[in-house]
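Data block below; observations after.
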Amino acid sequence: MDFEGRWIRKIQQSAHEESANKLIKKYYREMFAFVYRQFFDEQMAQDLTQEIFIRALQSISHFDGRKASFRTWLYRIASNHCIDYFRSRSYQAGQQTVYVEEIEMEGSDSVVEELSTKEDIQLVNELLQRFDVKDQQIVRFKLFLELTFHEIAGLLVLSESTVKKKILYHFKKA
């Protein structure tokens, strides 16, 4: 039985709330983890994950299971939403002042490690903003989801060789 397909049809036909909740529950942790790896900020990841599901439910009438799986479609929405956020004024303004107060002072090593990780992620996101959207998606799926070239090609409907070339090109540039 394809429960996911039934939930999607019920949502498309009558905005069935219980089906929407089941669909969100099925994918929430996975989408949250994808977003969190790009921000290392739990509150931000929660907010963006919620926005991703709102976008998905608002546009679910356009979902076509013959073109891609729901999971693939949802990752495209999530990736595009993160890219949109990195381009937004609120993100740009927030980058001008970085607050350290959220880091718990468990030990100096963990603080330094978390700060350097956040700085690395911030640098990666700044570099990614220079790429076009499709290239950003490829690199984000590779870095933050650790997908194989084959998996990325499937998600973005590209050839595996195109994905490899784009990854190699951007890593050589960086």
Side-chain angles (χ1 to χ4, degrees), residues 20-21 23-59 68-156 158 163-164 166-174:
N21 289 334
L23 201 57
I24 291 168
K25 185 177 181 179
K26 180 176 179 178
Y27 288 102
Y28 185 86
R29 295 181 102 188
E30 187 175 348
M31 290 298 116
F32 174 82
F34 173 63
V35 174
Y36 181 79
R37 287 185 200 120
Q38 296 180 62
F39 291 93
F40 275 86
D41 180 323
E42 188 172 343
Q43 186 61 50
M44 178 65 65
Q46 287 174 347
D47 292 346
L48 291 174
T49 302
Q50 182 177 1
E51 292 169 10
I52 288 164
F53 281 105
I54 290 169
R55 273 190 179 186
L57 291 172
Q58 287 174 336
S59 60
S69 70
F70 181 78
R71 182 176 181 264
T72 297
W73 183 76
L74 190 57
Y75 267 115
R76 285 186 192 146
I77 290 171
S79 177
N80 286 332
H81 191 64
C82 289
I83 290 167
D84 290 346
Y85 181 76
F86 287 122
R87 291 179 177 167
S88 73
R89 285 188 178 150
S90 59
Y91 175 77
Q92 299 299 328
Q95 293 310 300
Q96 293 173 3
T97 51
V98 177
Y99 297 99
V100 182
E101 62 194 36
E102 294 178 10
I103 300 174
E104 293 182 21
M105 302 299 250
E106 295 172 2
S108 61
D109 291 340
S110 64
V111 172
V112 170
E113 184 178 311
E114 187 165 341
L115 279 175
S116 64
T117 301
K118 283 186 176 186
E119 288 172 1
D120 291 344
I121 294 298
Q122 182 179 347
L123 179 61
V124 167
N125 283 319
E126 287 172 11
L127 290 171
L128 284 173
Q129 289 179 39
R130 299 176 188 167
F131 302 170
D132 68 39
V133 172
K134 187 64 84 175
D135 288 358
Q136 280 190 50
Q137 288 177 318
I138 291 169
V139 176
R140 286 180 190 286
F141 288 156
K142 187 65 178 165
L143 291 177
F144 300 120
L145 283 177
E146 299 176 1
L147 296 177
T148 65
F149 296 125
H150 180 74
E151 291 169 324
I152 296 168
L155 276 170
L156 299 175
L158 298 170
V163 171
K164 287 178 185 177
K166 297 227 180 233
I167 292 283
L168 293 174
Y169 172 75
H170 289 299
F171 281 114
K172 283 182 183 178
K173 277 180 78 172

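Hydrogens, waters and symmetry mates play no part in the numbers below; they use all other heavy atoms, side chains included. Quick caveat, the model's predicted, so the values are computed rather than measured.
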Please list all pairs passing the salt bridge (charged side-chain N to carboxylate O under 4.0 Å, His left out) test where one or both residues lie in residues 68-80, with sequence neighbours left out.
-> Glu30-Arg71
Side chain to side chain, Ile24 and Leu57, heavy atoms closer than 4.5 Å | yes
Under 4.5 Å between any side-chain heavy atoms of Leu156 and Val163, yes or no?
-> no
Check side chain to side chain contact (heavy atoms under 4.5 Å, CB included) between Gln46 and all other residues, then give those that pass, not counting sequence neighbours.
-> Tyr28, Phe32, Glu42, Gln43
Which pair of heavy atoms, one from Cys82 and one from Val35, lies closest together, and at what distance?
-> SG-CG2, 4.0 Å
Can you name the ring pair (Phe, Tyr, Trp, His ring centres under 6.0 Å) partners of Tyr27, sequence neighbours left out?
-> Phe70
Show your reasoning for whether side chain to side chain contact (heavy atoms under 4.5 Å, CB included) applies to Leu145 and Arg37.
-> CA-CA 8 Å; Leu145 283 177; Arg37 287 185 200 120; 3.6 Å; yes
Pick out which of Leu158, Ile152, Ile83 makes a side-chain contact (heavy atoms from CB on, under 4.5 Å) with Gln137.
-> Ile83
Who pairs with Phe34 by ring pair (Phe, Tyr, Trp, His ring centres under 6.0 Å), at least two apart in sequence or on another chain?
-> Tyr75, Phe141
Sorted by chain and number, sequence neighbours left out, side chain to side chain donor-acceptor pair (under 3.5 Å) with Gln58 holds for none
Which distance, rounded to the nearest 0.5 Å, do you find between the NE2 of His150 and the NZ of Lys164?
-> 11.0 Å
Once you round to the nearest 0.5 Å, how far does CG of Leu128 lie from CD1 of Ile138?
-> 11.5 Å
Only counting residues at least two apart or in another chain, list the ones meeting ring pair (Phe, Tyr, Trp, His ring centres under 6.0 Å) with Phe144.
-> none
First locate atom CG of Asn125, then atom CZ of Phe40, and finally report the distance between them rounded to the nearest 0.5 Å.
-> 10.5 Å
With side chains defined as the heavy atoms from C-beta onward, is the minimum distance between Glu51 and Tyr85 less than 4.5 Å?
-> no
CG of Leu48 to CD1 of Ile52, rounded to nearest 0.5 Å, is 6.0 Å
Could I get the full list of salt bridge (charged side-chain N to carboxylate O under 4.0 Å, His left out) partners for Lys134, not counting sequence neighbours?
-> none
Which pairs count as salt bridge (charged side-chain N to carboxylate O under 4.0 Å, His left out) when at least one residue sits in residues 135-147, sequence neighbours excluded?
-> Asp135-Lys166
Excluding sequence neighbours, so at least two apart, what forms side chain to side chain donor-acceptor pair (under 3.5 Å) with Ser69?
-> Thr72
Atom NE2 of His81 and atom OG1 of Thr49: how far apart are they, to the nearest 0.5 Å?
-> 8.5 Å
Under the salt bridge (charged side-chain N to carboxylate O under 4.0 Å, His left out) rule, collect the residues that match up with Asp84, sequence neighbours excluded.
-> Arg55
Any side-chain heavy atom of Phe53 sitting closer than 4.5 Å to one from Ile77?
-> no
